[in-house]
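All of these numbers come straight from a predicted model, not from anything done at the bench. Within every chain, numbering begins at 1; the chains are lettered A, B, ... in the order of the sequence lines, protein sequences first and strands thereafter.
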Amino acid sequence: MSWAAKDLGDWVETAKRDPRARWLGVALIAVALAVLPFVAGAVGGRGWVRIIDFALLYVMLALGLNIVVGFAGLLDLGYIAFYAVGAYTYALLASPHFGIHLPVWLVLPMGAGVAGVFGVLLGAPTLKLRGDYLAIVTLGFGEIIRIFLNNLNAPVNITNGPQGVNRIDPISFSNFSLARPVEVLGIDVPSVHLYYYLFLALALLVIFVSLRLENSRIGRAWVAIREDEVAARAMGINTRNIKLLAFAMGASFGGIAGGLFAGFQGFVSPESFILMESVVVLCMVVLGGMGHIPGVILGAVLLAAMPEVFRNTIVPVQQQLFGKIVFDPEVVRMLLFGLALVLVMLFRPAGIWPSTTRKRELAS
Amino acid sequence: MSAVDFEILLQQILNGLVLGSVYALVALGYTMVYGVLGLINFAHGEVVMIGALSTLSAARLLQSVLPGLPGPIVLLLSTLAAIPVCMALGYTIERVAYRPLRFAPRLAPLITAIGVSILLQNIAMVVWGRSYHSFPAYVSTEPFQVFGATMTPVQVVIIVVAMAIMAGLMFLVHRTKLGRAMRATAENQSVAGLMGVNINAIISITFVIGSALAAVAGVMVAANYSIAHYYMGFVLGLKAFTAAVLGGIGNLGGAVAGGLLLGLIESLGAGYIGDLTGGFMGSNYQDVFAFFVLIMVLVFRPSGLMGERVAERA
Amino acid sequence: MNRSHVVSCTLAALAAFGLSGCGKEAPPPPAPQKAAPPPELAIKIGHVAPLTGNIAHLGKDNENGARLAVEELNAKGVMIEGKKLKIELIGEDDQADPKTGTVVAQKLVDAKVNGVVGHLNSGTTIPASKIYADAGIPQISPSATNPTYTQQGFKTAMRVMANDIQQGKVVGEFAVHKLGAKTVAIIDDRTAYGQGLADEVEKAAKAGGVKIVAREFTKNDATDFRAILTKIKGRRPDAVFYGGMDAQAGPMAKQMKQLGLKAKFMSGDGACTPEFIKLAGDAAEGFYCTQAGLPLERMTDKTFSERYKKRFNSEVQIYSPYSYDAVAVIVDAMKRAKSADPAVYITELPKTSYLGVTGRIEFDDKGDVKNGAITMYETREGKLNVLEVVGGAAPAAAEAPKAEAPKADAAKK
């Protein structure tokens, strides 16, 4: 695994220098991504397309968190709160709960915006904090948001409390709803596939924005703060604004992903936004390669798919080995998940696919 | 304030002190490891859980061999049996999951800690099953009256043990040679190494002591609530982490102060937040209240109540 | 050179992903053919519950109930159209997480299950129900009590246990009429189940003229309730109701006793378990709780708990009789429809009138169990003793359940 990832990285580095190879690579990846749901659907069933859909949401989340943790170096353990804010913004403004049914092109940006505002709300009181103190405050912030969502059903019913918001409008553009299968050129395209293409498009947008940010003045300012905040300030960077911007940008990515989640699921409840989710997204960022966009994407895809791969392999493997099921599959699954976290970090402390600069720093 | 109101208030303060002592017990282990290594040992809560459950197993075994033994003795002996289990566990965790990453990026050991935590939870689920275990009342949980409020002997034991352990640790860290080596390691590992401190040994010892404390804490928690479960460590670890940060992570006195404060905030918050907000918020906002106080404390004292001011380059 | 590298690696990645998908979806090895006819009709029933996390013990209980039903039905040999039914149970873990719940649901749909028993929590049952509805696969939840689950208009969504409204009303009225409580304090654990039930109890109690003196909250992973109990003690209620699970109710009862809070303690089915008594110890005495369905000892099948214990070496927790019945109800509908095809036997499901271990099971037009029996228990001498059975068709009166029906309908409003 690690060996392959390393070689993959080298290949990408070489390919970057040859424009023709680059374009061919892009074209191939595009084709591969376009047929992916059909291949996965044919080989493994639609369950796998759904897993890929969720993996794309996690890619967006991980890239959003990567801005805060990876670029700006601010440890955030409550990131899932922004996902929650985005999801509830969508749920409240496009469902029978209040009888409001705003169109998607309005609610998704609103979700991103509201999440961004919450990002600033979190960032403002924590500007002076660092490291583990920041970690606990962000953790607290994430819990505060979840607790409010869980309890704002009384005295005035806003979020419907623990019961969650049901019958959320599916994502649709005028009359074209992603919840209904369509037929294109004689091929049936089911709903999960349609969502896949939407999520893919938005994930690509998020990747594009991340890539552009990384090499912008802002991106360099974030890295400067991560490396040395005092020096960064001395160089004339407005650390306060730049840090708040990191929180806001990261949060808005989470808000978009949350809105998509709400539309996709049709139901949101506070139990989707527990602390463990924040931890999982953080694991994706760190495991993949903090601050390195391809690594973070890889981390998100791997961690989103891994439990499901285990879910599907443990029983057959046990039957092969022992001829019967000795251990409960769910126990083995979580054991392997924990073990994988430990092992990957032990053998690749900078992540599976770290950036070249990080690698150099570690080697020296 | 009527007599009843006073009794209720006194009871709430006692509740807070007991809860706070529970948090403090767990937080001490957290903070000790942090103080020496600068590492959030997320698996600490899981070690607490293993401590409680292995004590329970040891006690059951002991009672089946020697049925007539009095409760407190059973508890003492089985705790003594569980402590080495946790010590070995703590040593192994450090040796396998943290030591190889001592010079890795800061977040790498955090992820292995989370991985270890998931592993331990599931191993415990296999060993002790999914059910909740009732933890027998080896020390009496029958209440007695204190000025109209009630307390149980277990609660008294908890407060005493928390204070005794804090005092013991303070003596260890500030008055012994081992403690000096620990402080030197915390200050600067490489320089301490050059001065002849065996860094690896010191860190291992810190983990082993921290894990022994975790075992004691686990027993106390299980005895106080008469319940033990493979999932009990997670919430407890989180609360203890909060308490440790509140008091100033890495500071022993701070951990106890943070624990007690957190316990009091939760107890008084749950008891009076409804009246304070005119019924708008109730005990469902207990944690919001606790985190709000935490954030406020950190805004004005960015390194906790008793934490040392860290230099700009933390 | 570079080009081919990119090509090969992309393809390799794609292939790896595709292959990883195919390895495990391979159908299970064909069932060994018996030498003698009749031919077998292999069907799959999916079961979903959280098998990891803090309510894993309940999830496993649900799964065990379904597994027992499957094993017994297989052993008994149900014949459909001259073929012997061979049921395979696919047990999945949804981790009580709504997202995983839908992934697992989709997986079961892909596996072409003929029916689904689950999920445990309302939070996972509701989003998953949409997926089953789209695929036309009947889903019977043994334990999701949130009323909205069956109010979505899905023909496929049913449940074999009373919902929160039905149960809350019984508890509330019990407190008013039988306990004669004038003041009640209500606690819930802020889960969809606990809050839903507590709200219904509050409504019913208020309707009976009771004053709610405190409305307090805890969490489903909490162990310390002294702060809220102390506050409640100051309000001197006649009774305390807790909407939540046994793992909290047990320590809560203990702490009530320690604090000298002498109100009657009541709870719903989540805490009406042997586990509660184990955890509460002496403090369990005089505890009132309800279970949706008939009491185990009055169940038509009195040996259920013994068979369960023999097979799994553990006690029945709460919902396993329901998951057991849910499987039986599905198979019963298949028998009547003479088909295991979901599209065919789903038309028979609403007509179900099946005498299961939890009582006679019939569905109303929404898919809720009709006139579900609700049993009130009191703990005495470390045992749950039946106080009364409200509604439902007792085995003796099993043939005349219609008479009681209007009352249950009224309860559902």
Under a 4.5 Å cutoff for heavy-atom pairs, which residue among [options] has the most contacts with chain C?
options: B:Asp287, B:Asn122, B:Val18, B:Val4; answer: B:Asp287
options: B:Leu236, B:Val221, B:Asn224, B:Leu268; answer: B:Asn224
options: B:Ser131, B:Pro143, B:Ser283, B:Gly271; answer: B:Ser283
options: B:His133, B:Gln155, B:Gln121; answer: B:Gln155

Closest heavy-atom pair and its distance - C:Pro237, C:Val213:
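In terms of heavy atoms, the two residues are closest at CB-CG2, 3.7 Å.
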If we define contacts as heavy-atom pairs under 4.5 Å, which of C:Ile228, C:Asp221, C:Leu259 has the most with chain B?
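Most heavy-atom pairs under 4.5 Å with chain B: C:Leu259.
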What residue, out of C:Gly260, C:Gly281, C:Ala227, has the most heavy-atom pairs lying under 4.5 Å from chain B?
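Maximum pair count with chain B is reached by C:Ala227.
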When you check the side-chain N and O atoms of [X] and [Y], is any donor under 3.5 Å from an acceptor?
X: B:Tyr23; Y: B:Glu266; result: yes
X: B:Ser117; Y: B:Glu46; result: yes
X: C:Asp94; Y: C:Thr124; result: yes
X: C:Tyr193; Y: C:Asn121; result: no
X: C:Thr52; Y: C:Asp93; result: yes

With only heavy atoms counted, which part of [X] is less than 4.5 Å from chain B, the side chain, the backbone, both or neither?
X: C:Ile232; result: neither
X: C:Lys278; result: both
X: C:Glu275; result: side chain

Is B:Tyr230 in contact with chain C via its backbone, its side chain, both, or neither, using a 4.5 Å heavy-atom distance?
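It is the side chain, since no backbone atom gets that close.
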So which part of B:Ser267 gets closer than 4.5 Å to some heavy atom of chain C, the side chain, the backbone, both or neither?
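Both parts, backbone and side chain.
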I would like to know whether B:Met281 and B:Phe289 meet side chain to side chain contact (heavy atoms under 4.5 Å, CB included); could you show each step before the answer?
CA-CA 10 Å; B:Met281 289 167 116; B:Phe289 196 60; over 6 Å; no
Straight-line distance of C:Lys211 NZ to C:Lys182 NZ, nearest 0.5 Å
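So the gap between those two atoms works out to 13.5 Å.
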